[in-house]
Amino acid sequence: MGLGQGSGGMQRAAKHFERAEKYRVQGIEDTRLALEESDPEERAEHHEDAQRKFKRALREYKKATRAKRDFHYAYNGQGFCQRMLGDYEAALTSYDKALELEPGFPPAVEYRAEAYLRLGRLKEAQAAYMELFNAERNIADLLLRKMRAWLAGQQKTPTVPANELSAFQTWVGERSEIADQTAALMPGEADSRW
Amino acid sequence: MKPTRAGSYTRLALLGAWLLAAIAEAAPQQAKDFDWRLPPGFPVPRVPADNPMNAHKVEMGRRLFYDVRLSGKAGTACASCHRQELAFTDGRARARGAEGDLHPRSAMSLANVVYAPALGWADPDTRSLEAQAAIPMFNRQPVEMGVAGVEEHVLARLRADSDYRRLFAAAFPEATGTLALLHVRRALAAFQRTLISGDSAYDRLVYRDDAAAMGPQARRGMRLFFSERAGCAKCHAGPGFSGPMDFEGAARAEAQFHNTGLYNLEGRGRYPQGGQGVFEHTGRTEDVGRFRTPTLRNVALTAPYMHDGSVPSLRAAVLHYAAGGRNWRDAVGSGRAAANPHQSEDVREIGFDETEVDALVAFLESLTDWAFVSDPRFANPFGPAPAERAPSAAIRNAR
């Protein structure tokens, strides 16, 4: 397992990781509440709660990676929190680290692709989609939904050049169609890939 | 798993599973260790625990597959009926055996056969390639390779060959005795497990994001193929276009058998002798005419079509579905086969127009994998000569 500091390190890492996961779930829940809230003040409050939870989670993930240097799950969670806190560059570094330790790790591939989207690095997001499409179809589907949501946001406040945007839009349309068609290929949900 | 608003709960649940897997000591995974050279999107095949893959075994299986010494007296190899350039079919309506017997059915493609949950056109009980290999060798009705009764003779020939002795030792390091039929079947199975086809224009579009791989007509055909209206993918499902697939880590798949309305003898749903489908195994009337969905990969190379080769071209196959079954009177049938009482509900009159027929044919043609049918790993090891001739040369050399 490559435990840097023996099984003591492993236990410490697991303890921090568990805490981090707990805060992260709470952060996600607060984010959901914020999204559902119509009153602006309440919404801001939920949002602040969420940010606080993600900060705590991030601290715990970092402790976990210090206790166990090759803990790719923890680097992945670290990246997630950094992304939720708006620090996309730091998030990319964490995801890169997770993927360096565990090449192809699907959640990190997906999260990193979301960070790429935010940074307008569309080609890299597309490549990540194909990697997931060939490995974990349900996570690929999730990313495609995120891409459609991102495109919808771009209609209001575009952050990438119009020609890149329209090429990406065509691509998302085509891949959505292919995903739908080949989803019909899944016999009895035997495995997420088919 | 229900998708949630944020989608993040899905991820969390997944993450939990991954964590468990990471913490558990990684078990040695034999099937994963073999260098399958899987095309993108293809799952790791499942391999029986008592016949692990190794490169020597695959090589031994390839030689056996092309070797006419594996047949009784006349020069027939597996490859006589399963030719690489025809995606491992034989180009005949019905196969012809070593002694000239006509097989009641058509030779099947072996592309991606490793994923098939059951083998043969209509045999729910033959589930492993090891078991299947005995059928052509020992079949007496019809005689395919004519090994029955002369097993020791055939084995003596193989044992006398120094190449087989060397390969056998490397392929089956655990074996204590001499080369036996069990090893022949296992090696043949190992070779056939490597016959994976996933480099067609369709694959380049779908799994490699190459938008230029398929032309607009084939793309239209693809849309139609997967549409609810045409319904082809209800049966020709999965990356193999052949229904449920079996692979490492998945729940055991069950083969599905369908009646596509090819016959309706005497208007009573009967099919011709030798081609009555699953009925011949179960004796149940509802199984008359039910056959396993064949793969459509490389289908442009495998004419004529259906279990008895009674459909001459891809166009005719598409028209068969357009009409909702074979609805003409032919030499063997009387009455509209479309009214066959046992016919699948998923085969009913669709009425494609001409451009739709063309598009579907173009799509089926885009499933040809030229790399597969010319891959030297699957070719005749006895030389570049046609499959029928080269093994005879091998016999001469061995004598």
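Throughout, protein chains are lettered first and strands after them, A, B, ... in sequence-line order, and every chain is numbered starting at 1. In what follows, every heavy atom counts, from backbone to side chain, and hydrogens, waters and symmetry copies are set aside.
Using modelled atom types and a 3.5 Å distance limit, the side chains of N112(B) and S242(B) yield no donor-acceptor pair. For the residue pair D358(B)/T355(B), the side-chain donor-acceptor check at 3.5 Å is not satisfied.
Note: H72(A) and F105(A) have perpendicular aromatic rings, judged against thresholds of 30 and 60 degrees for the angle between ring planes.
Residues of residues 149-172 of chain A placed with any heavy atom under 4.5 Å of a heavy atom in chain B are listed by number as W171(A).
Annotation: ring-ring contact (aromatic ring centres under 6.0 Å, His included) contacts involving residues 22-45 of chain A, sequence neighbours excluded, are absent. Annotation: salt bridge (Lys or Arg N to Asp or Glu O under 4.0 Å) contacts involving residues 117-135 of chain A, sequence neighbours excluded, comprise R121(A)-E124(A).
Proximity to chain A (any heavy atom under 4.5 Å) is restricted, for R219(B), to the side chain, taken from C-beta onward. For E102(A), no part sits under 4.5 Å from any heavy atom of chain B, backbone or side chain.
Ring-centre distance between Y202(B) and F241(B): below the 6.0 Å cut-off.
Applying the side chain to side chain contact (heavy atoms under 4.5 Å, CB included) rule to I350(B) yields the partners R229(B), R348(B), F352(B); only residues at least two apart in sequence or on another chain are considered.
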